[in-house]
Protein chains: 2
Amino acid sequence: MTKQQLMIRKLLEQSETHPTAEELYLEAKKEMPNISMGTVYRNLGQMADEGTIVRLHFPGQPDHYDKTIRPHDHAICVKCGSIADVELDSLKSMIEKSLNVGILSYELNIQCVCSSCQSKAS
Amino acid sequence: MTKQQLMIRKLLEQSETHPTAEELYLEAKKEMPNISMGTVYRNLGQMADEGTIVRLHFPGQPDHYDKTIRPHDHAICVKCGSIADVELDSLKSMIEKSLNVGILSYELNIQCVCSSCQSKAS
DNA sequence: AACAGAAATAAGAATCATTCTTAAAAGAGG
DNA sequence: CCTCTTTTAAGAATGATTCTTATTTCTGTT
(Lines give C-alpha, C1' and ligand atoms only; values in the text may rest on other atoms or scores of the structure.)
Protein backbone atom coordinates (compact mmCIF):
# COMPACT_ATOMS: atom_id res chain seq x y z
CA MET A 1 0.00 0.00 0.00
CA THR A 2 2.08 2.87 -1.31
CA LYS A 3 1.18 6.52 -1.02
CA GLN A 4 0.33 6.57 -4.70
CA GLN A 5 -2.12 3.75 -4.24
CA LEU A 6 -3.56 5.40 -1.15
CA MET A 7 -4.15 8.58 -3.10
CA ILE A 8 -5.76 6.83 -6.06
CA ARG A 9 -7.99 4.96 -3.68
CA LYS A 10 -8.90 8.15 -1.85
CA LEU A 11 -9.74 9.97 -5.09
CA LEU A 12 -11.97 7.12 -6.22
CA GLU A 13 -13.60 7.06 -2.79
CA GLN A 14 -14.35 10.77 -2.99
CA SER A 15 -15.68 10.60 -6.50
CA GLU A 16 -19.41 10.71 -6.97
CA THR A 17 -19.13 9.30 -10.48
CA HIS A 18 -17.46 6.28 -12.02
CA PRO A 19 -14.19 7.78 -13.21
CA THR A 20 -11.85 6.43 -15.84
CA ALA A 21 -8.16 5.83 -15.25
CA GLU A 22 -7.38 9.05 -17.04
CA GLU A 23 -9.78 11.12 -14.96
CA LEU A 24 -8.21 9.72 -11.80
CA TYR A 25 -4.77 10.40 -13.22
CA LEU A 26 -5.60 14.05 -13.84
CA GLU A 27 -6.92 14.40 -10.32
CA ALA A 28 -3.98 12.59 -8.81
CA LYS A 29 -1.58 14.84 -10.68
CA LYS A 30 -2.95 17.85 -8.83
CA GLU A 31 -1.71 16.50 -5.53
CA MET A 32 1.24 14.48 -6.75
CA PRO A 33 2.44 16.21 -9.89
CA ASN A 34 4.85 13.58 -11.10
CA ILE A 35 2.69 10.51 -10.73
CA SER A 36 2.50 8.57 -13.99
CA MET A 37 -0.33 6.99 -15.99
CA GLY A 38 1.36 3.63 -15.62
CA THR A 39 1.19 3.84 -11.85
CA VAL A 40 -2.50 4.71 -11.99
CA TYR A 41 -3.26 1.82 -14.32
CA ARG A 42 -1.14 -0.63 -12.37
CA ASN A 43 -2.69 0.26 -9.04
CA LEU A 44 -6.24 0.32 -10.35
CA GLY A 45 -5.67 -3.06 -11.96
CA GLN A 46 -4.18 -4.44 -8.79
CA MET A 47 -7.01 -3.19 -6.62
CA ALA A 48 -9.57 -4.55 -9.06
CA ASP A 49 -7.83 -7.93 -9.01
CA GLU A 50 -7.85 -7.90 -5.21
CA GLY A 51 -11.53 -7.06 -5.33
CA THR A 52 -11.25 -3.86 -3.32
CA ILE A 53 -12.59 -1.83 -6.23
CA VAL A 54 -14.53 -2.75 -9.36
CA ARG A 55 -13.64 -2.29 -12.98
CA LEU A 56 -16.52 -1.52 -15.32
CA HIS A 57 -16.62 -2.10 -19.05
CA PHE A 58 -18.77 -0.07 -21.41
CA PRO A 59 -18.86 -0.53 -25.18
CA GLY A 60 -16.53 1.78 -27.05
CA GLN A 61 -15.33 3.55 -23.94
CA PRO A 62 -12.32 3.39 -21.69
CA ASP A 63 -12.87 1.34 -18.56
CA HIS A 64 -14.45 2.99 -15.56
CA TYR A 65 -13.82 2.26 -11.91
CA ASP A 66 -16.30 1.94 -9.10
CA LYS A 67 -15.64 2.31 -5.39
CA THR A 68 -18.77 0.31 -4.54
CA ILE A 69 -17.87 -3.34 -4.34
CA ARG A 70 -21.25 -4.55 -3.14
CA PRO A 71 -22.64 -6.30 -6.25
CA HIS A 72 -24.80 -3.97 -8.25
CA ASP A 73 -25.52 -2.99 -11.81
CA HIS A 74 -25.24 0.08 -13.95
CA ALA A 75 -27.46 2.14 -16.18
CA ILE A 76 -25.79 4.32 -18.77
CA CYS A 77 -27.67 7.18 -20.37
CA VAL A 78 -27.43 7.05 -24.15
CA LYS A 79 -27.83 10.84 -24.36
CA CYS A 80 -25.38 12.21 -21.81
CA GLY A 81 -23.30 9.16 -20.97
CA SER A 82 -23.87 9.43 -17.24
CA ILE A 83 -23.60 6.20 -15.34
CA ALA A 84 -25.95 5.42 -12.47
CA ASP A 85 -25.75 2.66 -9.92
CA VAL A 86 -28.70 0.34 -9.96
CA GLU A 87 -29.76 -2.16 -7.35
CA LEU A 88 -31.43 -5.26 -8.68
CA ASP A 89 -31.84 -7.52 -5.70
CA SER A 90 -31.74 -11.23 -6.15
CA LEU A 91 -30.84 -11.02 -9.81
CA LYS A 92 -27.95 -13.39 -9.31
CA SER A 93 -30.06 -16.07 -7.70
CA MET A 94 -32.74 -15.48 -10.32
CA ILE A 95 -30.21 -16.10 -13.08
CA GLU A 96 -28.87 -19.16 -11.33
CA LYS A 97 -32.35 -20.56 -10.92
CA SER A 98 -33.13 -19.93 -14.59
CA LEU A 99 -29.93 -21.51 -15.80
CA ASN A 100 -29.77 -24.15 -13.13
CA VAL A 101 -26.03 -23.55 -12.87
CA GLY A 102 -23.87 -21.71 -10.37
CA ILE A 103 -22.38 -18.48 -11.67
CA LEU A 104 -19.27 -16.71 -10.47
CA SER A 105 -20.38 -13.20 -11.26
CA TYR A 106 -22.05 -11.18 -13.93
CA GLU A 107 -22.01 -7.72 -15.39
CA LEU A 108 -25.24 -6.03 -16.37
CA ASN A 109 -25.23 -2.75 -18.21
CA ILE A 110 -28.51 -1.09 -19.01
CA GLN A 111 -28.91 1.45 -21.80
CA CYS A 112 -31.53 4.05 -21.01
CA VAL A 113 -32.33 7.75 -21.01
CA CYS A 114 -31.68 9.21 -17.59
CA SER A 115 -34.38 11.25 -15.89
CA SER A 116 -32.42 14.46 -16.39
CA CYS A 117 -32.23 13.95 -20.17
CA GLN A 118 -35.81 12.69 -20.21
CA SER A 119 -37.09 15.95 -18.83
CA LYS A 120 -34.91 17.99 -21.18
CA ALA A 121 -36.18 16.08 -24.23
CA SER A 122 -38.30 18.08 -26.67
CA MET B 1 -24.78 -4.79 -50.03
CA THR B 2 -21.41 -5.46 -51.59
CA LYS B 3 -19.94 -8.89 -52.15
CA GLN B 4 -17.52 -8.31 -49.29
CA GLN B 5 -20.38 -7.62 -46.93
CA LEU B 6 -22.28 -10.62 -48.23
CA MET B 7 -19.31 -12.84 -47.56
CA ILE B 8 -18.72 -11.49 -44.04
CA ARG B 9 -22.38 -12.00 -43.28
CA LYS B 10 -22.29 -15.54 -44.64
CA LEU B 11 -19.22 -16.44 -42.60
CA LEU B 12 -20.81 -15.12 -39.44
CA GLU B 13 -24.00 -17.00 -40.29
CA GLN B 14 -22.08 -20.23 -40.69
CA SER B 15 -20.09 -19.79 -37.52
CA GLU B 16 -21.11 -21.78 -34.50
CA THR B 17 -19.20 -19.49 -32.18
CA HIS B 18 -19.09 -15.74 -31.61
CA PRO B 19 -16.14 -14.75 -33.74
CA THR B 20 -14.05 -11.62 -33.49
CA ALA B 21 -13.42 -9.29 -36.40
CA GLU B 22 -10.00 -10.83 -36.82
CA GLU B 23 -11.30 -14.38 -36.94
CA LEU B 24 -13.80 -13.39 -39.59
CA TYR B 25 -11.08 -11.58 -41.49
CA LEU B 26 -8.90 -14.69 -41.56
CA GLU B 27 -11.82 -16.77 -42.82
CA ALA B 28 -12.80 -14.19 -45.39
CA LYS B 29 -9.25 -14.06 -46.68
CA LYS B 30 -9.46 -17.71 -47.68
CA GLU B 31 -12.15 -16.95 -50.20
CA MET B 32 -11.23 -13.37 -51.06
CA PRO B 33 -7.51 -13.09 -50.55
CA ASN B 34 -7.15 -9.35 -50.82
CA ILE B 35 -9.95 -8.28 -48.55
CA SER B 36 -8.69 -5.91 -45.86
CA MET B 37 -9.21 -5.65 -42.11
CA GLY B 38 -10.67 -2.19 -42.60
CA THR B 39 -13.39 -3.60 -44.81
CA VAL B 40 -14.25 -6.26 -42.26
CA TYR B 41 -14.43 -3.73 -39.44
CA ARG B 42 -16.42 -1.26 -41.48
CA ASN B 43 -18.97 -3.79 -42.60
CA LEU B 44 -19.35 -5.40 -39.19
CA GLY B 45 -19.81 -1.96 -37.67
CA GLN B 46 -22.36 -1.04 -40.30
CA MET B 47 -24.35 -4.24 -39.86
CA ALA B 48 -24.26 -3.84 -36.10
CA ASP B 49 -25.52 -0.27 -36.44
CA GLU B 50 -28.32 -1.45 -38.73
CA GLY B 51 -29.16 -4.09 -36.16
CA THR B 52 -28.77 -7.05 -38.51
CA ILE B 53 -26.00 -8.48 -36.35
CA VAL B 54 -24.96 -7.88 -32.75
CA ARG B 55 -21.69 -6.66 -31.36
CA LEU B 56 -20.64 -8.15 -28.03
CA HIS B 57 -18.24 -6.69 -25.53
CA PHE B 58 -16.21 -8.74 -23.11
CA PRO B 59 -13.74 -7.32 -20.62
CA GLY B 60 -10.19 -7.25 -21.87
CA GLN B 61 -11.01 -8.87 -25.17
CA PRO B 62 -11.62 -7.72 -28.71
CA ASP B 63 -15.27 -7.38 -29.61
CA HIS B 64 -17.16 -10.45 -30.73
CA TYR B 65 -20.02 -10.62 -33.20
CA ASP B 66 -23.22 -12.58 -32.97
CA LYS B 67 -25.51 -13.65 -35.81
CA THR B 68 -28.42 -14.04 -33.40
CA ILE B 69 -30.24 -10.76 -33.12
CA ARG B 70 -33.10 -12.02 -30.96
CA PRO B 71 -32.29 -10.49 -27.57
CA HIS B 72 -30.36 -12.91 -25.44
CA ASP B 73 -27.47 -13.02 -23.03
CA HIS B 74 -24.07 -14.63 -22.84
CA ALA B 75 -22.15 -16.79 -20.44
CA ILE B 76 -18.39 -16.79 -20.74
CA CYS B 77 -16.37 -19.59 -19.22
CA VAL B 78 -13.54 -18.26 -17.06
CA LYS B 79 -11.47 -21.38 -17.75
CA CYS B 80 -11.64 -21.85 -21.50
CA GLY B 81 -13.15 -18.57 -22.65
CA SER B 82 -15.96 -20.19 -24.59
CA ILE B 83 -19.05 -18.08 -25.00
CA ALA B 84 -22.49 -19.63 -24.76
CA ASP B 85 -25.84 -18.12 -25.66
CA VAL B 86 -28.23 -17.92 -22.77
CA GLU B 87 -31.95 -17.31 -22.85
CA LEU B 88 -33.31 -15.43 -19.89
CA ASP B 89 -36.92 -14.79 -20.73
CA SER B 90 -38.63 -11.71 -19.43
CA LEU B 91 -35.45 -10.32 -17.93
CA LYS B 92 -36.02 -7.01 -19.65
CA SER B 93 -39.51 -6.56 -18.31
CA MET B 94 -38.32 -7.73 -14.94
CA ILE B 95 -35.65 -5.05 -14.91
CA GLU B 96 -38.12 -2.45 -16.06
CA LYS B 97 -40.54 -3.41 -13.34
CA SER B 98 -37.79 -3.28 -10.71
CA LEU B 99 -36.53 0.09 -11.86
CA ASN B 100 -39.89 1.47 -12.82
CA VAL B 101 -38.30 3.01 -15.92
CA GLY B 102 -38.28 2.07 -19.56
CA ILE B 103 -34.98 0.77 -20.82
CA LEU B 104 -33.68 0.74 -24.37
CA SER B 105 -31.58 -2.38 -24.11
CA TYR B 106 -29.15 -4.10 -21.86
CA GLU B 107 -26.12 -6.32 -22.03
CA LEU B 108 -25.67 -9.13 -19.54
CA ASN B 109 -22.49 -11.15 -19.41
CA ILE B 110 -22.24 -14.01 -16.99
CA GLN B 111 -18.95 -15.41 -15.76
CA CYS B 112 -19.11 -19.10 -15.06
CA VAL B 113 -17.39 -22.43 -15.57
CA CYS B 114 -18.85 -24.21 -18.55
CA SER B 115 -20.03 -27.80 -18.19
CA SER B 116 -17.13 -29.07 -20.27
CA CYS B 117 -14.56 -27.46 -17.97
CA GLN B 118 -16.61 -28.42 -14.94
CA SER B 119 -16.33 -32.10 -15.77
CA LYS B 120 -12.63 -31.79 -16.53
CA ALA B 121 -11.96 -30.11 -13.16
CA SER B 122 -9.98 -32.15 -10.65
C1' DA C 1 23.66 6.01 9.89
C1' DA C 2 25.20 2.92 5.90
C1' DC C 3 24.28 -0.73 3.03
C1' DA C 4 22.14 -4.66 0.37
C1' DG C 5 18.21 -6.53 -1.58
C1' DA C 6 13.38 -6.18 -2.77
C1' DA C 7 9.47 -3.75 -4.41
C1' DA C 8 7.35 0.17 -6.65
C1' DT C 9 7.94 4.07 -9.43
C1' DA C 10 8.30 7.45 -13.68
C1' DA C 11 8.88 7.77 -18.29
C1' DG C 12 8.07 6.50 -22.37
C1' DA C 13 8.23 2.72 -25.81
C1' DA C 14 5.38 -1.03 -27.38
C1' DT C 15 1.12 -3.36 -28.29
C1' DC C 16 -3.40 -4.27 -29.80
C1' DA C 17 -7.93 -3.34 -31.38
C1' DT C 18 -10.09 -0.15 -33.95
C1' DT C 19 -10.83 3.97 -36.85
C1' DC C 20 -9.37 7.19 -40.29
C1' DT C 21 -7.25 8.78 -44.73
C1' DT C 22 -6.49 8.51 -49.38
C1' DA C 23 -5.84 6.99 -53.80
C1' DA C 24 -7.63 3.43 -56.66
C1' DA C 25 -11.40 0.35 -58.10
C1' DA C 26 -16.16 -0.91 -58.74
C1' DG C 27 -21.00 0.30 -59.69
C1' DA C 28 -24.90 2.95 -61.46
C1' DG C 29 -27.11 5.93 -64.80
C1' DG C 30 -27.43 8.39 -68.84
C1' DC D 1 -18.16 4.85 -72.79
C1' DC D 2 -18.12 8.80 -69.52
C1' DT D 3 -19.23 11.02 -65.18
C1' DC D 4 -20.69 10.67 -60.40
C1' DT D 5 -21.03 8.14 -56.28
C1' DT D 6 -19.84 4.52 -53.28
C1' DT D 7 -16.75 1.17 -51.58
C1' DT D 8 -12.56 -0.73 -51.32
C1' DA D 9 -7.41 -1.89 -50.02
C1' DA D 10 -3.62 -0.39 -47.78
C1' DG D 11 -1.61 1.38 -44.36
C1' DA D 12 -1.15 5.42 -41.28
C1' DA D 13 -3.18 7.20 -37.08
C1' DT D 14 -5.42 6.88 -32.71
C1' DG D 15 -6.44 5.70 -28.05
C1' DA D 16 -6.45 2.72 -24.19
C1' DT D 17 -3.64 -0.21 -21.92
C1' DT D 18 0.52 -2.90 -20.90
C1' DC D 19 5.40 -3.55 -20.85
C1' DT D 20 10.39 -2.27 -20.22
C1' DT D 21 13.96 -0.34 -17.89
C1' DA D 22 16.57 2.59 -15.27
C1' DT D 23 15.77 5.00 -11.03
C1' DT D 24 13.79 5.69 -6.56
C1' DT D 25 11.84 4.24 -2.36
C1' DC D 26 11.29 1.03 1.25
C1' DT D 27 12.81 -2.66 4.69
C1' DG D 28 15.65 -5.00 7.45
C1' DT D 29 20.33 -5.67 9.14
C1' DT D 30 24.61 -4.60 10.95
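Residue numbers start from 1 in every chain, and the chains themselves are labelled A, B, ... in the order their sequence lines are given, proteins ahead of strands. Values below: all heavy atoms of this structure, side chains included; hydrogens, waters and symmetry mates excluded.
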Inset, instruction - Starting at atom OH of A:Y25, determine the distance to atom P of D:dA16, rounded to an integer number of angstrom. - result: 13 Å
Inset, instruction - Report the nucleotide, chosen from D:dA9, C:dA11, C:dT18, that has the shortest atom-to-atom distance to any side-chain atom of A:N34. - result: C:dA11
Legend entry - Nucleotide nearest A:Y41 (side chain, heavy atoms from C-beta), chosen from D:dA16, C:dT19, C:dA10: D:dA16
Legend entry - Side chain of B:P62 - closest among C:dG27, D:dT25, C:dA17: C:dA17
Inset, instruction - Inspect the contact between B:K3 and B:E31 and indicate whether a charged nitrogen and a carboxylate oxygen are less than 4.0 angstrom apart. - result: no
Would you give me the side-chain donor-acceptor pairs under 3.5 Å for residues 106-117 of chain B, sequence neighbours excluded?
unit_1	atom_1	unit_2	atom_2	d
B:Y106	OH	B:D73	OD1	3.4
B:E107	OE2	B:H57	N	3.1
B:N109	ND2	B:H57	O	3.0

Legend entry - Nucleotide D:dT7, atom P - distance to CD of B:Q46 in whole Å: 7 Å
Inset, instruction - Starting at atom CG of B:L24, determine the distance to atom P of C:dA17, rounded to an integer number of angstrom. - result: 14 Å
Legend entry - Which nucleotide in D:dA9, D:dT17, C:dA10 has an atom nearest any side-chain atom of A:S36: C:dA10
Inset, instruction - Would you kindly give the NE2-to-P distance between A:H64 and D:dT17, to the nearest whole Å? - result: 9 Å
Inset, instruction - Can you run down the ring pair (Phe, Tyr, Trp, His ring centres under 6.0 Å) pairs that involve residues 71-104 of chain B, sequence neighbours left out, and say none if there aren't any? - result: B:H18-B:H74, B:H72-B:H74
Legend entry - Nucleotide C:dA10, atom C1' - distance to CE of A:M7 in whole Å: 17 Å
Legend entry - NZ/A:K79: more than 12 non-hydrogen atoms of other groups inside 6.0 Å: no
Inset, instruction - Take atom CD of B:E23 and atom P of C:dT18, then tell me their distance rounded to the nearest Å. - result: 11 Å
Inset, instruction - Would you mind telling me which of D:dA9, C:dT18, C:dA26 lies closest to the side-chain atoms of B:T39? - result: D:dA9
Legend entry - Residue B:I35, side-chain atoms from C-beta onward, closest of D:dA9, C:dA10, C:dT18: D:dA9
Legend entry - Given DNA chain D, 5'-ward residue of the pair A:M37 and B:Q4, judged by closest heavy atom: B:Q4
Legend entry - Nearest-nucleotide 5' precedence on DNA chain C, B:R55 against B:K3: B:R55
Inset, instruction - With DNA chain C as reference, determine whether A:M1 or A:P33 sits nearer its 5' end, using the nearest nucleotide of each. - result: A:M1
Legend entry - Residue whose closest nucleotide on DNA chain D lies nearer the 5' end, B:T2 versus B:G38: B:T2
Inset, instruction - Could you tell me the separation between the CG atom of B:L44 and the C1' atom of D:dT7, rounded to a whole number of Å? - result: 15 Å
Legend entry - A:M47: which of A:I69, A:L12, A:I53, A:V54 passes side chain to side chain contact (heavy atoms under 4.5 Å, CB included): A:I53
Inset, instruction - Please report, rounded to the nearest Å, how far the P atom of D:dT18 is from the CG atom of A:N43. - result: 13 Å
